[in-house]
Engineer: 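My questions all concern the structure below.
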Amino acid sequence: MPEGHTLHRLAIALNEAFAGRTITASSPQGRFTEPAATIDQTAMIAASAHGKHLFCEFDCGHWLHVHLGLIGSFLLSEPEPPRGQVRLRLATARTVADLRGPQLCAIKTPAEIDAQIAALGPDPLRCDADPEVAWHRIQRAGRPIAALLMDQAILSGIGNVYRAEVLFRNRVDPYRPGSKLSKRSWLGMWTDLVGLMPIGVRDGRIDTVRPEHSPEAMGRPPRQDIRGGEVYVYRRAGQACLVCGSRIRSEVLAGRNLFWCGKCQRRG
DNA sequence: CGAGCATGGTGAC
DNA sequence: TCACCCTGCTCGA
């Protein structure tokens with residue numbers, strides 16, 4: 001679930017439910033009793049996201065820092081008894097937010113939050129993001145662009161789905177070294193992410209297929225799986241490329257399964 | 001029902 | 001580069 005769009009969407013939901021309100025914080029499962037006690041019965045000022053990191057500022061001067069990792073979730077619902085392993089619960093009389101399986105859940109100082117943000121590359125979902133900062137580092141890197149896109153210190157919020165899809169949509173060869181990537185290709189991918197990721201925030205899923213390749217236009221059945229969006233290459237190894245018909249390829253790159261079309265993606 | 005895998009990241013070699 | 005953490009799903013017996 002969690003690439004950058006998930007965290008930005010979550011920040012919006014947490015603000016709607018809790019910003020300006022005094023919340024009850026608890027750790028039903030017990031793992032985060034101390035962080036919960038620190039913010040219990042204080043007002044949440046605001047939640048925000050930077051890349052895949054979520055930050056919640058509380059009136060007591062403390063910040064809650066959450067990273068969902070691969071399998072974490074932070075789900076809002078109407079009040080109900082906690083089910084399963086709820087590591088942290090934020091609650092008002094109207095709403096509860098249950099955190100499960102996070103990679104990180106900790107109380108931080110403002111200085112620590114600043115340091116975390118400073119360690120992250122520009123986030124295409126933030127209006128203050130500067131693609132030149134990422135370009136400077138990409139140019140000097142010998143690693144493949146598909147590895148650099150996943151490096152949160154170079155740009156933040158991109159995960160394995162957006163990586164594969166933005167490379168495909170811009171016809172970029174995933175193995176092109178950063179130092180040999182054209183600035184035109186980089187700016188094309190950045191601009192594309194700036195357009196695509198807000199759609200992910202809005203819809204809560206990653207859709208990247210252009211109208212001319214949509215199921216309706218191609219005479220394919222639309223995807224039934226609600227969790228996944230319509231994509232060109234992600235997890236489509238062995239299937240036909242929606243554009244040229246050749247077999248989608250798959251290899252592990254930077255520790256994750258990369259999916260791409262060897263015929264469509266030749267740009268540098 | 002168990003194994004394997006997943007939109008992520010860390011820490012040990 | 002690998003083991004590992006954490007949860008929930010799918011797939012094959």
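The chains referred to below are lettered A, B, ... by the order of the sequence lines, with proteins before strands, and numbering in each begins at 1.
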Engineer: Calculate the interatomic distance between His53(A) atom NE2 and dG8(B) atom C1'; express it in whole Å.
Structural biologist: 10 Å
Engineer: In whole Å, I'd like the distance from the CD1 atom of Ile158(A) to the C1' atom of dG9(B).
Structural biologist: 16 Å
Engineer: Say we look at dC6(C) and dC1(B): how far apart would their P atoms be, to the nearest angstrom?
Structural biologist: 23 Å
Engineer: Just to confirm, is there a sub-4.0 Å distance from OP1 or OP2 of dG9(B) to any side-chain nitrogen or oxygen of Lys52(A)?
Structural biologist: yes
Engineer: Determine whether the side chains of Asn160(A) and Asn257(A) contain a donor N or O and an acceptor N or O closer than 3.5 Å.
Structural biologist: no
Engineer: Can you check the Gln152(A) CD to dG9(B) C1' distance for me, whole Å?
Structural biologist: 9 Å
Engineer: C1' atom, dG8(C) versus dT10(B): distance in rounded Å?
Structural biologist: 22 Å
Engineer: In this structure, how many angstroms lie between the C1' atom of dG8(B) and the OH atom of Tyr234(A), rounded?
Structural biologist: 12 Å
Engineer: Tell me whether the side-chain N/O atoms of Arg256(A) come closer than 4.0 Å to OP1 or OP2 in dT7(B).
Structural biologist: yes
Engineer: Can you name the atoms? Protein N/O to nucleotides 1-6 of chain C N/O, anything below 3.5 Å, with the distance.
Structural biologist:
| residue | atom | partner | partner atom | Å |
| --- | --- | --- | --- | --- |
| dC6(C) | O3' | Arg87(A) | NH2 | 3.1 |

Engineer: Between dA6(B) and dC2(C), how far apart are the two P atoms, rounded to whole Å?
Structural biologist: 15 Å
Engineer: My understanding is that only residues two or more places apart in sequence, or in another chain, count here; which of them pass side-chain hydrogen bond (donor to acceptor under 3.5 Å, both in side chains) with Glu80(A)?
Structural biologist: Arg83(A)
Engineer: In whole Å, what is the span from the CG atom of Asp123(A) to the C1' atom of dG8(B)?
Structural biologist: 16 Å
Engineer: Within this structure, what is the NE2-to-C1' distance between His67(A) and dT7(B), rounded to whole angstrom?
Structural biologist: 11 Å
Engineer: Nearest-Å distance, CZ (Phe168(A)) to P (dT7(B))?
Structural biologist: 19 Å
Engineer: Indicate whether the side chain of Asp203(A) and that of His5(A) have a donor and an acceptor atom separated by less than 3.5 Å.
Structural biologist: no
Engineer: Please state how far atom CZ in Arg236(A) lies from atom P in dT7(B), giving the value in whole angstrom units.
Structural biologist: 16 Å
Engineer: Listed by chain and number, what are the side-chain hydrogen bond (donor to acceptor under 3.5 Å, both in side chains) partners of Asp207(A), not counting sequence neighbours?
Structural biologist: Arg205(A)
Engineer: Would you sort out whether Leu7(A) and Phe74(A) count as a side-chain contact (heavy atoms from CB on, under 4.5 Å), showing the intermediate values?
Structural biologist: CA-CA 9 Å; Leu7(A) 283 299; Phe74(A) 206 174; over 6 Å; no
Engineer: For dA6(B), does OP1 or OP2 lie under 4.0 Å from any side-chain N or O of Asn257(A)?
Structural biologist: yes
Engineer: Under a plain distance cut-off of 3.5 Å, with no hydrogens placed, do Tyr175(A) and Glu251(A) share a side-chain donor-acceptor pair?
Structural biologist: yes
Engineer: Is there a donor-acceptor contact under 3.5 Å linking the side chains of Gln41(A) and Thr24(A)?
Structural biologist: yes
